[in-house]
Amino acid sequence: MYEPNRLREPILDWYSENARDLPWRRTDATPWGVLVSEIMLQQTPVARVLPIWTMWMVRWPTPADLAAESSGEAVRHWGRLGYPRRALRLHGCAQAIVADHGGEVPSDYTTLRSLPGIGDYTAAAVASFAYGKSHAVLDTNVRRVLARAVSAEEFPPNATTSAERRIAEALIPPVGAARWAVAVMELGALVCTARAPRCADCPIKARCAWHLAGKPAYDGPARKGQTYEGTDRQCRGRLLAVLRQAHGAVPKAALDVVWHDSVQRERALDGLISDGLAEALDGDSYRLPV
DNA sequence: CAGGCGTGGGT
DNA sequence: TACCCAAGCCT
């Protein structure tokens, strides 16, 4: 096995010099702020999260503040961040935190993991970043860095493997686990990127197994590419945008005009309703859930 | 476990 | 210009 400090020390040093000043990383950020940021950052770039997160923290500074609102308001103020079911789940987190945890974001991994929208990554991230606990924080950035640095692969497997988890756990320092986690993530986000890694700027290029092997091209199974144009997802997005922008009941005719295919439109609308993102009212109109 | 789930910026 | 893909989760 490799010597963990060969990777840790240069990455931690690099982080000291290159960490972005993100509001949810500041010392005055609350656990709630960290939790909100983590949900918003799922599959979503930092630059798009920043303004929405800031507005949410002003509007709903505590879980109790959000829990007191309707879920529809959470969806409305999600704006165009994407994957709006996350807004519903965050609202569900707030309600569970108030109902079951005295209004305080839990600090325990297992408890966090039981909240809506919080999976393995987010539970580990919140426990680490909000409470300084020691967990393997395996997001797409960390997985890519470790695939390269340790396994000499350009990309990690499609699904997280036990081997990856073993590698990540072996690298956790006995002290400062949370700082280590955010440092590796930051390296993946800023330097060891998916498309065009900036190896020239990398603090571990001399120790990276993939770099040392001559950066061999990825030869594993094809990675899933996503289509969007013409899909139900796009249709749902169009419909929900109308509901978000209108305050109150939206006549069906106002939804009909944003998507031509009526079969697909009906299916998408039914999907939004069954997901809890929309409500049908009497008189053939719709709105965000109250 | 593979597929569904938004959106917009970088290359 | 067309992809590629960005701090995943749920079913």
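This one's a predicted model, so the numbers in the text were calculated from it and none came from an experiment. First the proteins, then the strands, lettered A, B, ... as listed; each starts at 1.
- Distance from the side chain of Trp24(A) is smallest for dA7(C) among the nucleotides dA7(C), dG6(B), dC9(C).
- Near DNA chain B, meaning a heavy atom under 4.0 Å away, there are no residues from residues 245-263 of chain A.
- For residues 276-285 of chain A, the set of pairs meeting the side-chain hydrogen bond (donor to acceptor under 3.5 Å, both in side chains) definition, not counting sequence neighbours, comprises Glu279(A)-Arg287(A).
- Among residue pairs with one or both ends in residues 79-93 of chain A, those qualifying as side-chain hydrogen bond (donor to acceptor under 3.5 Å, both in side chains) are Thr44(A)-Arg86(A), Tyr83(A)-Arg233(A); sequence neighbours excluded.
- Contact annotation: side chain of Arg233(A) to base of dT7(B), donor-acceptor pair absent below 3.5 Å.
- Toward the 5' end of DNA chain C, the nearer of the two residues Arg113(A) and Arg20(A), judged by each one's closest nucleotide, is Arg20(A).
- With respect to Lys133(A) and Asp108(A), no salt bridge is recorded, no charged nitrogen being found less than 4.0 Å from a carboxylate O.
- For Lys252(A), the salt bridge (Lys or Arg N to Asp or Glu O under 4.0 Å) test picks out Asp256(A), Glu266(A), with sequence neighbours left out.
- Among the heavy atoms of the strands lying under 4.0 Å from Asp120(A) are primed sugar atoms or P, OP1, OP2 only; no base atom is included.
- In this structure, Arg80(A) reaches the dG8(B) phosphate: one of its side-chain N or O atoms is under 4.0 Å from OP1 or OP2.
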Could you list the donor-acceptor pairs under 3.5 angstrom formed between side-chain atoms of residues 33-41 of chain A and any protein atom two or more places apart in sequence or on another chain?
{"unit_1": "Ser37(A)", "atom_1": "OG", "unit_2": "Val34(A)", "atom_2": "O", "d": "2.7"}
{"unit_1": "Glu38(A)", "atom_1": "OE1", "unit_2": "Tyr121(A)", "atom_2": "OH", "d": "2.7"}

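- The side chain of Tyr121(A) lies closest to dC9(C), out of dG6(B), dC9(C), dC5(C).
- Two residues, Pro45(A) and Pro116(A), neighbour DNA chain C, and the one matched to the more 5' nucleotide by heavy-atom proximity is Pro45(A).
- Scanning for salt bridge (Lys or Arg N to Asp or Glu O under 4.0 Å) contacts around Arg195(A) gives an empty result, with sequence neighbours left out.
- Listed in residue order, the members of residues 32-42 of chain A having a heavy atom less than 4.0 Å from DNA chain C are Glu38(A), Leu41(A), Gln42(A).
- Each side-chain hydrogen bond (donor to acceptor under 3.5 Å, both in side chains) pair with one or both residues in residues 198-216 of chain A, not counting sequence neighbours, would appear here, but there are none.
- Within residues 132-146 of chain A, the residues approaching DNA chain C are Asp139(A), Thr140(A), Asn141(A), Arg144(A), by heavy-atom distance under 4.0 Å.
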Taking distance alone, no hydrogens or angles, what donor-acceptor pairs closer than 3.5 Å link side-chain atoms of residues 10-17 of chain A to residues at least two apart or in another chain?
{"unit_1": "Ser16(A)", "atom_1": "OG", "unit_2": "Leu12(A)", "atom_2": "O", "d": "3.2"}
{"unit_1": "Ser16(A)", "atom_1": "OG", "unit_2": "Arg179(A)", "atom_2": "NH2", "d": "2.8"}

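- Partners of Glu73(A) under the salt bridge (Lys or Arg N to Asp or Glu O under 4.0 Å) rule, at least two apart in sequence or in another chain, are Arg76(A).
- Of the candidate nucleotides dG8(C), dC5(C), dC5(B), dC5(B) has the atom lying nearest to any side-chain atom of Arg236(A).
- Across residues 192-200 of chain A, Arg195(A), Arg198(A) each have a non-hydrogen atom less than 4.0 Å from an atom of DNA chain B (numbered order).
- Among the atoms of the strands shown, none is found under 4.0 Å from any heavy atom of Leu239(A).
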